Novice: 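Here it is: the structure, laid out below.
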Amino acid sequence: MTTSNETQARNFLQEIVAEDKQAGKYGGRVHTRFPPEPNGYLHIGHAKSICINFGLAQQYGGKCNLRLDDTNPLTEDTDYVESIQRDVRWLGFDWDDRKFFASDYFEKLYAFAEQLIRQGQAYVCSLTADEISEWRGDFTTPGRDSPYRNRTVEENLDLFRRMRAGEFPDGKHTLRAKIDMASPNPVLRDPPIYRIRHAHHHRTGDTWCIYPLYDFAHCLSDSIEGITHSICTLEFENRRPLYDWIVDALIKGERPHQYEFARLKLTYTVMSKRKLLQMVSDKSVSGWDDPRMLTISGLRRRGFTPESLRDFATRIGVSKSDSWIDMGVLELSIREDLNERAPRAMAVLRPLKVVVTNYPEGQTEMLEVANHPQKPELGTRQVPFSRELFIEADDFQEVPQKGFFRLAPGKEVRLRSAYFIKCEEVIKDAAGNVTELRCTYDPATRGGDSPEGRKVKGTLHWVPGTAPTAEVRLYDRLFSVEHPDKDKDRDFKEFLNPNSLEVITTARVEPMLAQAAPESRFQFERLGYFYADPKDSTAGRPVFNRTVTLKDSWTKEQAKGK
RNA sequence: UGGGGCGUCGUCUAAUGGCAGGACGUCAGACUUUGAAUCUGAUUAUCAAGGUUCGAAUCCUUGCGCCCCAGCCA
């Protein structure tokens, strides 16, 4: 019998790296890289890639570089560079002194381009963008050779140098690799590798007016950095022949190889940077770090931990099959982590006043409450108890439905770590709304202990009548359907969940919570895990973000009854 | 349509010609001072059809389905 503990199943990338290392390839060296383009914030799909690339390096005694792939000055920005570094570090990974930019290599890449020209493997093409597209053909018809394909090396070199010198406007010429216009793979039909762009670059400023394209820059950046395994997502698989062609043409000796895995797809969300950017710009969300966003910064602000995200990444595995991960898996990862480490606390979201009629007026006693039921080492705290208190409005039903074992007229429940109380009277306003409950308590049940084995099924959380109020933000899935961008004819934003955020400003919290430091995490008993918002919390007035609810079999039970 | 890739429980993922395993989910139960956690049990899968073989998820053939590619984006 094998169990997951005994079998250390390797994913296909680990297998490739292990075999290469075993075979002594690259002298046993393992060197990966995480190469985001700084044109947006990192999301949970990137987190998967980060864990794969940095993880592989860790597991096989290698290194992983951080490389900002900044070859398109139109979309890139230093703000993004900063956020990327912050997010990778927060996730728990370290590139030491190996932070690189593709733009570090512009001079070298230019030299490689000239070399390609001299080798007769690249030419300056003067077709317009539209013409290039036309001449490329389509899936069924081969492309036609550009009329500029046979320019001499000298002419190409001259033109290319003048492109660099800024003699031509945008789009006037491109440098193209001379491969095969009839290739069944359109990527190989003389792909442009340099274009003219008179644009300000976030790092090189106005030094350049020509910029290399991804296919040219990426494989050569890998080569320059001594990358051994260049890992990317499946949609780049078509480009691997081009990767190899360029590297073969220009690099002698050891060279990197590209491998592809399936990108992460999560239900109830969208993953493309374009769509995330759109929601940020049109204010569908409050920003890149809106806690509903599946960006790393959004998840961080929601209260996710780096550990839970890393756990998620290993849990979902790595393969080449195009698959959907259920949002429940992400929720499981954070619940599992926070169940272990989050101290418990009591907060009431929708307060219902309870008066304990037989409790002496003006008396207050301190009750000791455990911070974690399974971890006595996390200690206890004191919560004041007196004649007036609040319970959750949901925890009372005047006419209890089937299976409801919380408070109801004549019924007895336990107040967590306090006393048993019994509902004697229901007070309503003129409109018939329940505004207050009159209860009696049993002094023999102090601490919540059951005397002579008396059973009560329900245990409710509560806060003192003097409890401070706090703002609580209840977050839910951003989209209300599993696959918001599956239907190409419908805008994904039609599926935004209108209830993805509920702000409650009148929640009541136990006294200790009013002092909660920003970024601290708690389990609000019976409600979920909450995180003191790092931006909006102020001294003595924390704002709590709901990270995730507790598993709730009662709601499920209720739904079944209907 | 040409090329490339991928098809294993509801979902994700193992198997490297030798008992289709694990996790999540679901269902049932135990326990419970959180309807949480924990524990126990159950549940369900090799895209199809042929072939090779003592033996096929794995190899071969044919078919089917899904994904990617026709940016001077990455």
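Everything quoted here is computed from the prediction, not taken from an experiment. In the text below, chain A, chain B and the rest are named by the order of the sequence lines, each starting its count at 1.
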Novice: If the P atom of B/rA48 is compared with that of B/rG7, how far apart are they to the nearest Å?
Specialist: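 It comes out at 14 Å once rounded to the nearest Å.
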
Novice: Heavy atom of residues 369-380 of chain A under 4.0 Å from RNA chain B: which residues?
Specialist: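 Going residue by residue through residues 369-380 of chain A, the ones with a heavy atom under 4.0 Å of RNA chain B turn out to be A/Pro373, A/Gln374.
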
Novice: Would you mind telling me which of B/rA15, B/rC73, B/rU26 lies closest to the side-chain atoms of A/Lys556?
Specialist: B/rU26

Novice: Choose from B/rA14, B/rC73, B/rC72 the nucleotide whose nearest atom is closest to any side-chain atom of A/Asn11.
Specialist: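 Nearest nucleotide to the side chain: B/rA14.
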
Novice: Out of B/rG2, B/rG71, B/rC12, which has the shortest distance to the side chain of A/Arg136?
Specialist: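 Nearest listed nucleotide: B/rG71.
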
Novice: With rounding to the closest Å, how many angstrom separate the C1' atoms on B/rC72 and B/rA15?
Specialist: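 Between the two C1' atoms, the distance is 46 Å.
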
Novice: B/rA14 and B/rG2: how far apart are their C1' atoms, nearest whole angstrom?
Specialist: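 These two C1' atoms come out 35 Å apart once rounded.
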
Novice: I'd like to check, for A/Tyr214, whether its ring lies over the base of B/rA74 with centroids under 5.5 Å apart and a plane angle smaller than 30°.
Specialist: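 No; centroid distance or tilt outside limits.
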
Novice: Answer yes or no for A/Arg477 and A/Tyr268: cation-pi contact, defined as NZ/CZ to six-membered ring centre under 6.0 Å and angle to ring axis within 45°.
Specialist: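 Geometry flag: set, cation within 6.0 Å and 45°.
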
Novice: Any base atoms under 4.0 Å from A/Thr71, or only sugar-phosphate, or nothing? Heavy atoms, all strands.
Specialist: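 The answer is sugar-phosphate, as A/Thr71 gets under 4.0 Å only of primed atoms, P, OP1 or OP2.
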
Novice: What integer number of Å spans the C1' atoms of B/rA49 and B/rU11?
Specialist: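 It comes out at 28 Å once rounded to the nearest Å.
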
Novice: Under 4.0 Å, heavy atoms only, any strand: does A/Gln523 hit a base, just the sugar-phosphate, or nothing?
Specialist: base

Novice: Choose from B/rG35, B/rC73, B/rC24 the nucleotide whose nearest atom is closest to any side-chain atom of A/Glu37.
Specialist: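 Looking only at side-chain atoms, A/Glu37 lies closest to B/rC73.
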
Novice: If we take the C1' atom in both B/rG51 and B/rU13, what is their distance in whole Å?
Specialist: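 Taking atom C1' in both B/rG51 and B/rU13, they lie 30 Å apart.
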
Novice: Look at all strands and tell whether A/Ile132 reaches a base, only sugar-phosphate, or nothing, counting heavy atoms closer than 4.0 Å.
Specialist: base

Novice: Assuming nearest nucleotide by heavy-atom distance, tell me which of A/Val329 and A/Glu76 is located more 5' along RNA chain B.
Specialist: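 Taking each residue's closest nucleotide, the earlier one in sequence belongs to A/Val329.
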
Novice: Separation of A/Lys320 atom NZ from B/rC67 atom P, in whole Å?
Specialist: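 One finds 18 Å between P of B/rC67 and NZ of A/Lys320, rounded.
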
Novice: Using a cut-off of 4.0 Å on non-hydrogen atoms, how would the nucleic acid contact of A/Asp322 be classed: base, sugar-phosphate, or nothing?
Specialist: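 Sugar-phosphate, no base atom in range.
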
Novice: Just the rounded figure in Å: distance from C1' of B/rG25 to CD1 of A/Ile325.
Specialist: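 In whole Å, B/rG25 C1' and A/Ile325 CD1 are 13 Å from each other.
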
Novice: Give A/Phe405 one of three labels, base, sugar-phosphate or nothing, depending on what nucleic acid heavy atoms sit under 4.0 Å from its own.
Specialist: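 Contact class for A/Phe405: base.
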
Novice: What's the gap between B/rG35 and B/rG29 when it is taken at their C1' atoms, as a whole Å value?
Specialist: 15 Å

Novice: Taking the C1' atom in each of B/rA57 and B/rC47, what is the distance between them to the nearest angstrom?
Specialist: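 Taking atom C1' in both B/rA57 and B/rC47, they lie 12 Å apart.
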
Novice: Please pick, from B/rG7, B/rU34, B/rG35, the nucleotide with the shortest atom-to-atom distance to any side-chain atom of A/Ser321.
Specialist: B/rG7

Novice: Would you indicate which nucleotide in B/rG2, B/rA70, B/rG35 comes nearest to any side-chain atom of A/Thr459?
Specialist: B/rG35

Novice: Could you tell me which nucleotide pairs with B/rG21 by Watson-Crick or G-U wobble geometry, both distances under 3.5 Å, or answer none if nothing does?
Specialist: B/rU13

Novice: By nearest heavy atom, map A/Thr445 and A/Ser319 onto RNA chain B; which one lands nearer the 5' end?
Specialist: A/Ser319

Novice: Using a 4.0 Å heavy-atom cut-off across all strands, classify A/Ser450 as base, sugar-phosphate, or nothing.
Specialist: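 Nothing, no nucleic acid heavy atom in range.
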
Novice: What about A/Phe530 and A/Phe524, are their ring centers closer than 6.0 Å?
Specialist: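 Yes, the ring of A/Phe530 comes within the 6.0 Å limit of the ring of A/Phe524, centre to centre.
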
Novice: When you measure only distances, ignoring hydrogens and angles, does the side chain of A/Arg315 come within 3.5 Å of the base of B/rU13 through a donor and an acceptor?
Specialist: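 Check fails, no donor-acceptor contact within cut-off.
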
Novice: Could you give the distance separating B/rU46 and B/rA37 at their P atoms, to the nearest angstrom?
Specialist: 32 Å

